[in-house]
Structures are given as C-alpha cells and as structure tokens.
Amino acid sequence: MTASHEGIAARVQAAATGAGAGNRLDPWFDHYADRALGMKQSETRSLFAVANRPEVVSLAGGMPFIQGLPLDFLADMTARLIRERGADLLQYGGGQGEEELREQIVEVMAAEDIKAHPDDITVTTGSQQALDIITEIFVNPGDTIVAEAPSYVGALGVFRAYQANVVHVPTDADGLVPEALEQTLTKLENEGRPVKFLYTVPNFHNPGGMSMALERRPQVVEICRRHHVLVLEDNPYGMLGFADQVYPSLQSFDPEVVIYLGSFSKTFSPGYRIGWAFAPHAITQRLILANENAVLSPNKMGQLSIAEYLRTYDWMGQIKAYRSLYHERRDAMLDALSTYLPQCTWTVPEGGFYTWVKLPDGLDAKAMLPRATTNLVAYVSGTAFYADGQGGDHMRLSFCYPTPEQIREGVRRLSGVVESEMELVNMFGVQGRHRIGGVETPTTDQR
C-alpha cells in the first residue's frame, strides 16, 4: 500500500466511524492533509515527561552534559556580542546562513578529510531541519528511502511525515553491511522501486553505538554511486571518539554522491539549534530555497555566537574534555551492565552517547517500559528505531548525561525489572503475555 493509499484508507476508516466531518475531540479532523494522519510523537519524546522527574534515573535521552561547558565564558561572550553587535545579531539574516560561521564550519569539517567551500554549506535549525528539507526536496509520497537497521528515530519521523517507504539494511558490529546494501538496492531496482537516498550514521551510531569500519566506507559509497543513489551521511557524534580518533567521512570518498550533515548540538550546545548540510553545489541551491521557505533565515544570534565561540575559545580542547567525560561514563555503563545484567549482550561504543542492549529471549523492551518507569528508571525501546516494527528485543541506553553513580544505580534498577520479566516469561512462555488496559499481564494462551 502506498503512502497516498494509506491516507485514503485512514479517511475511509474515519468516515466509517463517524469522524468524516470532524469528531468530538477534533472538529477539523477531516481537513488535515494525508501526511498529517501518519504523524505521531516519537517514543523518545514521549518519555521526556517521565524521564525528567528527579527521582527517575534516565538512561533514555541523548542530552549532552551542558554543565561541562565554560558557562561563565559564554555569558561574558554573549553580553559582549550584544553590546558590540546587537543590532546585527538580532536582525534577519540570509537563508544560507552567516558566512563567518560557514567559514568556521569548513575548518571544523577539515578534521574529517572534508575539503569544503563555504558556498556549499547551508546552515539549518539543527541537523534535524537539514533532514527535513533534504527529504522535502527529494521525496514524493510513496518514494523509497534505504536506511540502516536500526536507524535514528528523528530521521524515521521525518521520512514518515513525507510519506516515504523505508527499507532497512542490516548492520553488525562494523556498521552497515555492504553486501546487504548491494543486495537491497539490486532487489529494489528489479522491482522498479528507485531509491532516493541511503541514510546512515557512520560514526558512533545512534542507537547502535558502533562505527562503520574503515574498509567499508569506500565500498558503501561505490555501491551507491553504481546504483545512482545519494548518500545522506548524518554525523553529529564524529568528533566524540574516546581515543581521539576521527574517522574519514563518506563524503571524502566522493563529494558528488554524498550529502553531509553536521551539528553543534552534541559537541557544543543543542540550545542554539545550529546544524548544517554540505552538499554538491546544485543541491545546495535547492536547499537554500527550501530553507528560506521554512524559516526565512536560521537563528542569527545562535550562528554568530557559535562563530565567536569557535574564534575565541579553545573549542577543540573543550571537545577533548567531553571525550574524557563521556569515556568515563561509557566505562561506568559497561561495568554496570557486566555486574547487573550479564544475561544481556550489548555493543561496546568507542565514542558517542549510546550502547545497544539485546534482552534475553522472550522479553519485549516496549512492553517492559511501564514496569521500568514504575521502578524509576527509563530507557528507549528498540522499536523506536525501526520503520517496520522490529526492535522489541533491544533497548537503547544512554550514558552521556547521568553521572557514573547514577548510571550504576539506573542499571541496578533495570536489572530488577529484567529479572521480573524473565520470571513471567519462564512461568507463562514467550507468547504468554498480552495487554489489558495498556498494562502488560500474563496469560495462559500458548498459541
């Protein structure tokens, strides 16, 4: 069923239930575009209200540890900027973003073997907006996008909003599997389903924690070149390798095949909402138009504040401090998992924010989540990271924000939840569970 057919089906169902002329909850229901009917809150966002309670240990959110920033320096810098350049900072800017920041971004990307020109960079409201406008200019309802399995939940939400069909390609400990990518693209070609682009997070993957092996990077780009498929390389974590390693970007292997997405949200601050897209020149022109249509101009205050930070502060030293801090927290997470959840398996990330944990057979991470929050610990179910319902046997645990002591306590609480769930499975069987009123309960149904 195509995306447009799904929209029609939703309207038929609405009419059958008396909602065709609105309903008691929303009198404008029948006015929405088809794409709006498929919109839903991501599982990560819906957790925020619970996870932010002070008594809950949240292993869910990918929030950087902002307290580690030079806050006094930033306060003085911002005050000085407003005094000296306030009339400029607080005015509209251009749709491509401020040139002085784009020049700084060129220097940031050079660490990953990227040779860029400021004219081919488009500044966006976080890399999330770059995902949105790229999908807008390439994807029609029903078009096909290939994405890693698992994949970043925010990207899947954008693809769903534009009514794309997402086909997953498996990953392993070395990232996206080139042979599986080749097979998938060939199969889709044979079915007459052209692929608009491949979406990948090659470095310190969200949610998987792994990185694409060096030898696979040129292979993936070459496969996409042969199949005339763009690569959308999303790289918010690439500077956060614990051993100070920075991998060569996919873009460096063929600049005409790859669109590179970057962000200051993980290496600096998400509050400024500044990201960027580096694309082939012809694509950049369309990105600028889409950017202007969406926001007129990106946040000028945020752009020039970041440009000043990069110009006047030891930003690479700050990133190295973050690497050390997150490394310590990664070690605390792995130690706690070994101590409290030896019945699980997990990835060993060499950077970034996350580890990907496989539950024992028969456990469902999404069904287990209400019990976990009742026990004052939060995580993200693996189902959030697939477009096709997979992932119930996994959960994403984040180690970036809680302290090592909180991480250990969170995993200890989580172990009690897992043990209780395993007791139910052992008692009633893998399939012997169902929901009543939204609560997971055992049953003797053994079909």
Side-chain angles (χ1 to χ4, degrees), residues 38-53 56-63 147-160 166 168 170-171 201 205-210 333 336-337 340-341 343-347 349 352-402 407 410-422 424-425 430-442:
M39 294 171 67
K40 62 180 182 180
Q41 188 177 39
S42 77
E43 294 183 33
T44 54
R45 301 298 300 182
S46 59
L47 271 174
F48 273 18
V50 172
N52 287 338
R53 287 162 44 195
V56 174
V57 175
S58 177
L59 307 177
M63 299 183 297
E148 297 161 320
S151 212
Y152 166 51
V153 60
L156 296 179
V158 169
F159 303 156
R160 184 186 306 113
V166 176
H168 284 300
T171 57
V201 181
H205 188 270
N206 178 8
M210 66 284 188
M333 174 67 76
L337 289 169
Y340 294 114
L341 285 172
Q343 63 272 56
C344 297
T345 58
W346 50 85
T347 57
F353 286 4
Y354 311 106
T355 184
W356 186 235
V357 179
K358 187 179 187 306
L359 293 167
D361 289 346
L363 268 61
D364 184 319
K366 190 170 184 178
M368 192 174 73
L369 190 53
R371 185 191 293 267
T373 55
T374 298
N375 283 268
L376 303 181
V377 61
Y379 60 85
V380 183
S381 166
T383 54
F385 305 99
Y386 293 84
D388 55 9
Q390 299 181 63
D393 58 345
H394 278 79
M395 57 184 173
R396 188 191 75 178
L397 300 185
S398 171
F399 49 79
C400 53
Y401 193 78
I407 290 169
V411 175
R412 186 194 67 78
R413 295 177 187 180
L414 188 56
S415 69
V417 177
V418 170
E419 289 170 4
S420 296
E421 293 288 301
M422 288 179 66
L424 286 174
V425 168
V430 172
Q431 298 179 1
R433 302 159 60 81
H434 70 285
R435 290 183 180 274
I436 295 178
V439 179
E440 195 78 9
T441 60

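Only a predicted model underlies this, so the values are computations on that prediction, with no experimental measurement involved.
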Heavy atoms only: give me the nearest G62-Y354 pair and the separation to one decimal.
CA-OH, 3.2 Å
Do Y379 side-chain atoms and A365 backbone N/O form a donor-acceptor pair below 3.5 Å?
yes
Would you name the heavy atoms of R413 and N375 that are closest together and state the gap between them?
CD-O, 3.5 Å
Determine whether L341 and V418 satisfy the following criterion, side chain to side chain contact (heavy atoms under 4.5 Å, CB included), listing intermediate values before the conclusion.
CA-CA 8 Å; L341 285 172; V418 170; 3.9 Å; yes
Donor-acceptor check, side chain of T373 to backbone of A378, threshold 3.5 angstrom: yes or no?
no
What distance do N206 atom CG and F385 atom CZ have between them, rounded to the nearest 0.5 Å?
6.0 Å
Check L414, V380, L59, L369 against M395 for a side-chain contact (heavy atoms from CB on, under 4.5 Å) and give me the one that passes.
L414
Roughly how far apart are W346 CH2 and T355 OG1, rounded to 0.5 Å?
8.5 Å
Distance-minimising heavy-atom pair for V417 and A372
CG2-CA, 3.8 Å
Contact summary for V166 and A147, nearest pair of heavy atoms
CG1-CB, 4.0 Å
For the atom pair CG (L363) and CD (Q343), what is the distance rounded to the nearest 0.5 Å?
9.0 Å
Would you give the length of the straight line joining atom SG of C400 to atom CZ of F353, rounded to the nearest 0.5 angstrom?
4.5 Å
Test C344 against L337 for side chain to side chain contact (heavy atoms under 4.5 Å, CB included), laying out the working first.
CA-CA 8 Å; C344 297; L337 289 169; 5.9 Å; no
Look at the rings of W356 and Y386 and say which category their plane angle falls in: under 30° parallel, 30 to 60° tilted, over 60° perpendicular.
tilted
For G392, is there any backbone N or O sitting under 3.5 Å from a side-chain donor or acceptor partner on T383?
no
Approximate separation, where rounding is to 0.5 Å, of Y152 OH and F159 CZ
10.5 Å
Which atom pair, heavy atoms only, marks the closest approach of V377 to G410?
CG2-O, 3.3 Å
Worked verdict on H168 versus T171 for side chain to side chain contact (heavy atoms under 4.5 Å, CB included):
CA-CA 9 Å; H168 284 300; T171 57; over 6 Å; no
Show your working on side-chain hydrogen bond (donor to acceptor under 3.5 Å, both in side chains) between E148 and H205 and close with a plain yes or no.
CA-CA 10 Å; E148 297 161 320; H205 188 270; 3.0 Å; yes
Would you please test H394 and L359 for side chain to side chain contact (heavy atoms under 4.5 Å, CB included) and show each step?
CA-CA 6 Å; H394 278 79; L359 293 167; over 6 Å; no
To the nearest 0.5 angstrom, please state how far the OG atom of S398 sits from the CE atom of M333.
7.0 Å
Using a 3.5 Å distance criterion without hydrogens, assess whether the side chain of S420 forms a donor-acceptor pair with backbone atoms of G416.
yes
Taking R396 for the side chain and A60 for the main chain, is one N or O donor matched with an acceptor at less than 3.5 Å?
yes
Search all heavy atoms of Y401 against all heavy atoms of M63 and return the closest pair with its distance.
CB-O, 3.5 Å
